[in-house]
Amino acid sequence: MRVTDVPGVPEWLPEHLADEGIQELYPPQAEAVERGVAEGESLVASVPTASGKTLVAELAMLSAVASGGKALYIVPLRALAGEKAREFEQFEQYGVSVGVSTGNYESDGDWLGSRDVIVATSEKVDSLLRNGAQWVDDLACVVSDEVHLVDDSHRGPTLEVTLGKLRQRVADLQVVALSATVGNADELADWLDAELVDSSWRPIDLRTGVHYGQALHLDDGTQRELPVGGHDTQSAAIVDDTLDDGGSTLVFVNSRRNAEAEAARLADVTRQHLDAEEREALDGLAADIREVSDTETSDDLADAVERGAAYHHAGLAREHRELVEEAFRDRLVKAIAATPTLAAGVNTPARRVVVRDWRRYDGDAGGMKPLDVLEVHQMFGRAGRPGLDPYGEAVLLADTHDELEELFDRYVYAEPEAVRSKLAAEPALRTHVLATVATGFATTRTGLLDFLDETLYATQTDDPQRLETVTDDVLAYLARNDFLERDGDQLSATRSGHLVSQLYVDPMSAAEIIHGLEVGPSVESASDGDGDDSETSFRTASELAADDDGDDDPDPTPFGLYHLVSRTPDMYELYLRSGDREEYAELAYEREAELLGRAPSEYEDARWEDWLSALKTAKLLEDWASELDEERIAERYGVGPGDIRGKVETAEWLLNAAERLAAELDLGCAPAVRRARKRVEYGVREELLDLAGVREVGRKRARRLYNAGIESRADLREADKSVVLAALRGRRKTAETVLENAGHENPSMEGVDADADTDADPNGDVGATSADGSTDTPERAGTDESGSGQASLGDFE
DNA sequence: CCTCGGTAGCTTTAGACAGCATGTC
DNA sequence: CTAAAGCTACCGAGG
């Protein structure tokens, strides 16, 4: 089918596509058009990666926009939202406006409602629905990318419920669901009342197979010699062979450590294939990588990149990942060893894909579990760049002949699994039942069950009772925690229930937070403890005054609050390593007075384990909020820069929720919670909060200013400019901007010289001392560097 | 004394959404 | 129901 023959599409589109080199539709695209995607028909397209799904979505969205409606494109990842929006911006020249909305990014300029095409994550769409976004009623078309993720036990239910709500709210809404090839695309189509295109067609050839011994065994029965030769590993030999042909390779492994070790090995191969120009470019890239973060992770990555290889996993900072992905697309980095981050993320195709590890540790299963066929096929799908590679090749690695045969049966010739809804689980229903009632989607138990009856789960289950049973359990839980009220069949959300729904936290997190804040420190009058009065000194004069006003509950400490939000189901747990149990059990005892709520006993195994794991997270957050540098934190907790950022972000979000809940319930500690949140947000100690609130002043600059005697925003306005300039290490432009942001009358630095007496020595920064800066436990003694941070420690002792 | 290689035993284990209001070194 | 790679400490041989 030619693009000129597509009905319903705006008239400028065929020419635009022709300019892009698209004259003829791919077979699955043509089939989608025949089923009416461009004329408002709902459709499930179950097709391989890179077989033109995006164009199918565009045909649907553009014809919807052309007939006066809006289109919504739902993505599973924030990073994908940006990528998709950039693709759709090609249509802005025809007057189609595009907006993005994710948790950390909102389209600038006009309000979302004025956009024709909106790209958002499923959670953000859910949240927008909960918060009453009006433009939803103008939607004509919704595209759901990677719908097979409804199978995901954590995030799948959100997508499932959100699609259900959109369909219920907007009559005749066109739903275009794009899926990887799955075992039961027909069931998805049934659920969405949609037409089905189920195809395995690909624009470029993908050969799959297994490498065993000295040869690549391919799915068409052929073999291709590929000797391991002098190489250490099969993957190294494959990378070498691919490079001989000018291609790049993606190697999937099952752990971060494996990714790093593999990258180091592959770098020995890739370095042999670099020319002088590439070496120079890679040196520059390595320097950029080191610049991103001062951690071992960052250094190791740079070392590999200098030699033309890289690793990729969630411990990397976002900038790291972006740099690596971009360099790989530019063919500068020749091989990447990656965890599954890369299989699901932004588009990074390679000539060859190697799935080195096909089993992954699963604690619940008690050992290594084989990857799903669907997951392996997703990795395979990264092989072959349309228009650039002549073909793609994806292989698994076998050690034995038996394994060779097993891998062929298990993955090469196997059909992907069926997608199964995970909705009927308490954690999922807890949040969605509350939101469904709070937003008025359902006002009765019957109405709620009717709504749930339209979900994928209901169409798939052979135990219809189960959904009802779990729903009743969840309703009881929500009522018990005062988020919901029941009156016979009637359901209504309480004020706090509404708030919890809008804040988008798990009701169980909210309940834990509320309980912790209400009960307060587990030991009475924590601040009157053992003379080490570290906790009260965090409080400002006005707070102490407030306490004198008859409120005799001590405020929770930041550490107590960090622990509280860290033990919430919304905070991903940090692993306890060997020795950690003892270390954090000791910390739990030392800081017992600060911890909020009832501590579990050491004999309640699972709870105690969670308690300690949360304590580890809390300590990390406290270190961050005590200006400990990234490098030390990464080393101390065995995490990467990406993990630190992730924890901090989640803590910020949950502490914001805690603050709002405290205010709503009149708990009085909202200001203390706010300060704890600000400290995590800025990564500073109490005394820098004011300074770090000035734009362009972060934890480092604030500390330097403070050490130079400038302790507040007001000081900054009246400060001697030469002192400010010296504290900011002589950066005139920065100093001007900072003064301007602080509200200085005349920020100009013209004619000002840095004050030679002001020492901007970074060692003046507070180092590794922990926030209480007092107890001399062995574990801390070694990190207390002589003389560091004297100026500020006084405030804590 | 140092280096290299081999090995036994121990340790560790993927990912990433959301609120709100604006911005690091 | 189900593990395995990588790292470390250690040993012995060779230079």
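In what follows, every chain begins at residue 1, and chains take the letters A, B, ... in the order their sequences are listed.
Contacts of A:A510 classified as side chain to side chain contact (heavy atoms under 4.5 Å, CB included), with partners at least two apart in sequence or in another chain: A:F483, A:V500, A:V505, A:L661. A:E260 meets the side chain to side chain donor-acceptor pair (under 3.5 Å) test with A:H313; sequence neighbours excluded. A search for side chain to side chain donor-acceptor pair (under 3.5 Å) contacts involving A:E375 returns A:R360, not counting sequence neighbours. Taking A:R290 as the reference, A:D299, A:D303, A:E306 meet the side chain to side chain donor-acceptor pair (under 3.5 Å) condition, with sequence neighbours excluded. By the salt bridge (Lys or Arg N to Asp or Glu O under 4.0 Å) test, A:E406 pairs with A:R410, sequence neighbours left out. Under the rule for a side chain to side chain contact (heavy atoms under 4.5 Å, CB included), the partners of A:D610 that lie at least two apart in sequence or sit in another chain are A:E573. Legend: residues meeting side chain to side chain contact (heavy atoms under 4.5 Å, CB included) with A:Y361, ordered by chain and number and at least two apart, are A:M368. The side chain to side chain donor-acceptor pair (under 3.5 Å) search around A:S298 returns A:H320, not counting sequence neighbours. For the side chain to side chain contact (heavy atoms under 4.5 Å, CB included) test, residues two or more places apart in sequence or in another chain that qualify with A:D288 are A:L323.
The P atoms of B:dA18 and C:dT2 are separated by 39 Å, rounded to the nearest whole Å.
For A:T102 (side chain) and A:Y105 (main-chain N/O), a donor-acceptor pair under 3.5 Å exists by modelled atom type.
Among the atoms of the strands shown, none is found under 4.0 Å from any heavy atom of A:A657. Here A:R265 lies in heavy-atom contact (under 4.0 Å) with sugar-phosphate atoms only.
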Dot-bracket notation for DNA chain B, counting Watson-Crick and G-U pairs under 3.5 Å, with | for partners on another strand: |||||||||||||............
Using a cutoff of under 3.5 Å, can you pull out all pairs of nitrogen or oxygen atoms linking the protein to nucleotides 4-6 of chain B, with atom names and distances?
none

Base-contact (B) and sugar-phosphate-only (S) positions in nucleotides 14-19 of chain B, heavy-atom cut-off under 4.0 Å, - elsewhere: BBBBBB
